[in-house]
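Below is one structure, written out as structure tokens, with a few remarks after it.
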2 protein chains.
Amino acid sequence: MSDRNLTLMTDLYELTMMQGYFKEKTNQTAVFDVFYRTNPCGNGYAVMAGLEQVIDYIKNLHFGEKEIDYLRSTGLFEEDFLGYLRDFRFTGDIFAIPEGTVIFPREPLVKVVAPIMEAQLVETSILNIINHQCLIATKTARVVHAARGDGIMEFGLRRAQGPDAGIYGARAAMIGGCIGTSNVLAGQMFDVPVKGTHAHSWIMSFPDELTAFRTYAKLYPTACILLVDTYDTLRSGVPNAITVFNEMKAAGIPLNGYGIRLDSGDLAYLSKKAKEMLDEAGFSDAVISASSDLDEDLINSLKTQGAAINSWGVGTNMITSSGCPAFGGVYKLVALKDKDSGEFIPKIKLSENTEKVTNPGNKTVYRIYGADTGKMIADLIALVDESYSSDQPLLLFDPIDTWKKTHLAPGTYTIRELPAQIFKQGKCVYESPSVMDIRSYCMQELGTLWDEAKRLINPHRAHIDLSAKLHAMKNSLLESVDNMTHHQGR
Amino acid sequence: MSDRNLTLMTDLYELTMMQGYFKEKTNQTAVFDVFYRTNPCGNGYAVMAGLEQVIDYIKNLHFGEKEIDYLRSTGLFEEDFLGYLRDFRFTGDIFAIPEGTVIFPREPLVKVVAPIMEAQLVETSILNIINHQCLIATKTARVVHAARGDGIMEFGLRRAQGPDAGIYGARAAMIGGCIGTSNVLAGQMFDVPVKGTHAHSWIMSFPDELTAFRTYAKLYPTACILLVDTYDTLRSGVPNAITVFNEMKAAGIPLNGYGIRLDSGDLAYLSKKAKEMLDEAGFSDAVISASSDLDEDLINSLKTQGAAINSWGVGTNMITSSGCPAFGGVYKLVALKDKDSGEFIPKIKLSENTEKVTNPGNKTVYRIYGADTGKMIADLIALVDESYSSDQPLLLFDPIDTWKKTHLAPGTYTIRELPAQIFKQGKCVYESPSVMDIRSYCMQELGTLWDEAKRLINPHRAHIDLSAKLHAMKNSLLESVDNMTHHQGR
């Protein structure tokens, strides 16, 4: 993304508001939080992803002459403002939870502290990037969980919502736990394993299936996976594959990572029958891989049915997060710096729905683990000027049902702050790890959740609490509101 | 897309198969069809889109040193093949149905006729681009239909699946009938109208709502749409908006395209109440626009409830085609040129499911209209060496229930071939119309469908027939198969 100018990839209103602040000379420093309200797909958590692309985007922000000319052509912008854009660069601070971290609703995932004109411009692209990659990383974590230790390959490029959805979707899928992708460009860009064998067209372009298999095995003797469903899986595909494996064995070719791929039909039945045939022929270590409109529910069902599949290619449903194709990240103003005092004045966005009222103020988030188990106990959203230490007693309480309390004694828990500083006065101060390192960190993060928090249906809901100070501040802001309609006036 | 090298945006197996054909010296000319099997979202048709980006992709195909080096690093490819890639360019023919055309299941949307190594490489990217844009254009046509003549604005960038999904999704949404997009980059790239006003953060950054409205109206007196739900829609937002409209009127500022935007709450109730208040204040021509997780079903429901909304901003659900986030386009081998005879030998892909058996051969598609109504009667998929003319009688029959027949007398119908030639021996011979021209053509195309074919639920299913010659060829290929399992052998 680093060589594309995505500066105009923003909603028009960001630019009209920017010009408004420019004209009014009210470019106060603002704090905006990116957060989401509901985990996708009924999951118990989400996975943070997309930060590296946000960094590229911010670094590359600039209005060239083409962009200025286009904006002028809309008739909405005046020369003084266009002149300001010509010299525009991002000068603010950004804090973010690192990629691969397990995240929860209402937590500030990305916090932008910048003059409001700058903070407003970047809203749309930050949301676009974070919403997309968090969605796919989270969906993938579900699919990987369903496969109970089997490898998942990302095969979705042809059904992704455009090139970037395929490319950055593959990146997010690797973070969420895939072992490889079919997408060669993603392999090149992110240094992740690429996987694949052949299509039905390969088989059909030869006079017969056996010749197609033989030719493929001659060319690619290592990790030779043969697609067996072009004509008839059990009468033709599997017997021909066994013939070729026997020929390879006879020729002294080592059989490593070899096997078959099923791409249609009743995968439970066909995999069990194929397994019997392969076992009988002495190929009990053959890989049986499957691909065919799979998702976490189908994989879970096939595992429960005892399907003899040990490798999965997942396409459409993972790359589009079918069933929940959007991650509802929002970008909300939470504080404005007072010009005179230099203090951040907290801002709150009301809603008839209590759950949709924003958490005001300049905040951070801490994660609390059991000292004995290493498992997550709760997250604590707090103001930046608070400090916490595991040698102090800690009181946690539910932000809605405040009578639900947990007291943690010193030494029984550990605590860490999740966000890191990414930009400082417009300069990037963070280096993104490699995708494979983010993936390892994500697997470790998932290990800090109890199994009950990871199950696919009705997972345990994590405790995401507010600090006492933040809770009190939020309530006093709410009490100060007196023009909120309590009942619809009918 | 034209300045990005997407040559590696392909599945790994395309490249391993290419190397296989290279090593085997079997680079026969092949015919591949792009088609889909089911209309998305239960719709009665789909809308063709994405061709311009396919053209850019094909024109720009090349393996530079970076791409070659990466492929070498995988350890899968040998130097002779990498040398071939260094000089690679696409040399084949491509035929396609123009963008904006109404399309139906099983029709060849794009046909690639090229040496199989080239035809195989381009499979994944062609599918990615066509699948994405057809999906969003089709979803948009549904949303536009539901709005019964009101304008739909595309507002989905922040929830799109990555940058391209936002950019090319906006393009497809314009083709499908939107009147504008909030996406400034899409506006610049495709010369389509951009729209937008301000966000809640604008209102919250001022001491009070009225000051925020006044400031906005001063800056943008034309098409001044005020967002009224930040604090309390009916007690605060609408009265403050009316105050500002009165002030504008008093100051002699012409009120054009002015109005309010509702972004939360009960849109049916709030819009009717707001309309009453605006009418009473003498602003009965004010626009009442709405945005809030809308889709075609919600818009239809609001219209049915008599909501006083006449302008709609649709985001997440349109830009992701929520409910059906993938268009199932596939790319299938349908013929191979015999090296000796130079004839195309038809190829068929079997499936236990009759509906999934491919249509073999080098084909095209005709659309037949009633001469009196101008409405579509049926489509006819035929072989390229057949010819049709409306001064001949025409017999149409259902490809499954062949006893269902229609005889068309000469002069009672018109017929036109849908695909155009796009590439000829590797050279582009087609000029893409502008997006707004494609949009106009699409609106005209939708006019050739009966209302029953456009309704959102249980639409009339169009007749997509095979020519007698194609039907006979397909059956004789099917009869020649003798190793297809008729019953699962349990």
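Order of the sequence lines fixes the chain letters, A, B, ..., with proteins taken first and strands second; residue numbering starts at 1 for each chain. Atom set for the values below is all heavy atoms of this structure, side chains included, hydrogens, waters and symmetry mates excluded.
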Worksheet item: When B:Arg158 is tested against each of A:Asn131, A:Asn128, A:Asp11, A:Thr10 for side-chain hydrogen bond (donor to acceptor under 3.5 Å, both in side chains), which residue passes?
Response: A:Asp11
Worksheet entry | A:Leu15 versus B:Val184, closest heavy-atom pair with distance | CD1-CG2, 3.9 Å
Worksheet item: Is a side-chain donor or acceptor of A:Gln161 paired with a backbone partner of B:Pro325 at a separation under 3.5 angstrom?
Response: yes
Item to complete: Please flag which part of B:Glu24 lies under 4.5 Å from any non-hydrogen atom of chain A: side chain, backbone, both or neither.
Response: side chain
Worksheet entry | For chain B, the option from A:Ile116, A:Leu336, A:Leu157 that forms the most heavy-atom pairs under 4.5 Å | A:Leu157
Fill in: Under 3.5 Å donor-acceptor, B:Tyr168 side chain and A:Gly162 backbone
no
Discussion item. Using 30° and 60° as the class boundaries, would you call the ring planes of A:Tyr21 and B:Phe206 parallel, tilted or perpendicular?
Written reply: parallel
Worksheet item: Given side chains that start at C-beta, do those of A:Tyr13 and B:Leu227 come closer than 4.5 Å, heavy atoms only?
Response: no
Worksheet entry | Qualifying residues under salt bridge (charged side-chain N to carboxylate O under 4.0 Å, His left out), relative to B:Glu67, sequence neighbours excluded | none
Worksheet entry | Region of A:Ser322 that comes under 4.5 Å of a non-hydrogen atom in chain B | both
Practice prompt. May I ask you to test the B:Leu6-A:Leu185 pair for a side-chain heavy-atom distance under 4.5 Å?
Written response: yes
Discussion item. Are there over 12 heavy-atom neighbours, none belonging to B:Lys23, within less than 6.0 Å of that residue's NZ?
Written reply: yes
Fill in: Option that, when pairs with chain B are counted at under 4.5 Å, heavy atom only, ranks first among A:Lys195, A:Gln28, A:His132
A:His132
Fill in: Among A:Asn183, A:Thr320, A:Thr222, A:Leu135, residue most engaged with chain B (heavy-atom pairs, under 4.5 Å)
A:Thr320
Worksheet item: Given the options A:Ile319, A:Ile167, A:Thr197, which has more heavy-atom pairs under 4.5 Å with chain B than any of the others?
Response: A:Thr197
Worksheet, complete the sentence: Counting heavy-atom pairs under 4.5 angstrom with chain B, the leader among A:Gly50, A:Ala30, A:Gly187 is A:Gly187
Worksheet item: salt bridge (charged side-chain N to carboxylate O under 4.0 Å, His left out) with A:Asp69: which residues, sequence neighbours excluded?
Response: A:Arg72
Fill in: Among B:Gln120, B:Glu123, B:Lys349, B:Lys347, side-chain hydrogen bond (donor to acceptor under 3.5 Å, both in side chains) partner for A:Ser201
B:Gln120
Worksheet, complete the sentence: So OG1 of A:Thr74 and CD of B:Gln188: to nearest 0.5 Å the spacing works out to 11.0 Å
Worksheet item: With side chains defined as the heavy atoms from C-beta onward, is the minimum distance between B:Leu350 and A:Asp232 less than 4.5 Å?
Response: no
Practice prompt. Apply side chain to side chain contact (heavy atoms under 4.5 Å, CB included) to A:Lys332 and B:Met204, showing your working.
Written response: CA-CA 10 Å; A:Lys332 295 291 177 193; B:Met204 290 163 69; over 6 Å; no
Fill in: Closest contact, heavy atoms only, B:Arg159 versus A:Phe327
CD-O, 3.6 Å
Practice prompt. Under 4.5 Å heavy-atom distance to chain A, tell me which part of B:His200 shows up: side chain, backbone, both or neither.
Written response: side chain
Practice prompt. Compare all side-chain heavy atoms of A:Arg4 with those of B:Pro163 and state whether any distance is below 4.5 angstrom.
Written response: yes
Worksheet item: For the residue pair A:Tyr220 and B:Thr16, what are the closest heavy atoms and their distance?
Response: OH-O, 2.7 Å
Worksheet, complete the sentence: Counting heavy-atom pairs under 4.5 Å with chain B, the top scorer among A:Ala165, A:Ala326, A:Gly196, A:Gly20 is A:Gly20
Worksheet item: Out of curiosity, B:Met17 CE to A:Ile203 CD1, how far, rounded to the nearest 0.5 Å?
Response: 9.5 Å
Discussion item. Taking the side chain as everything from C-beta on, heavy atoms only, tell me whether B:Ser205 gets closer than 4.5 Å to A:Thr26.
Written reply: no
Worksheet item: In terms of heavy-atom proximity below 4.5 Å to chain B, should A:Leu71 be classed as side chain, backbone, both, or neither?
Response: side chain
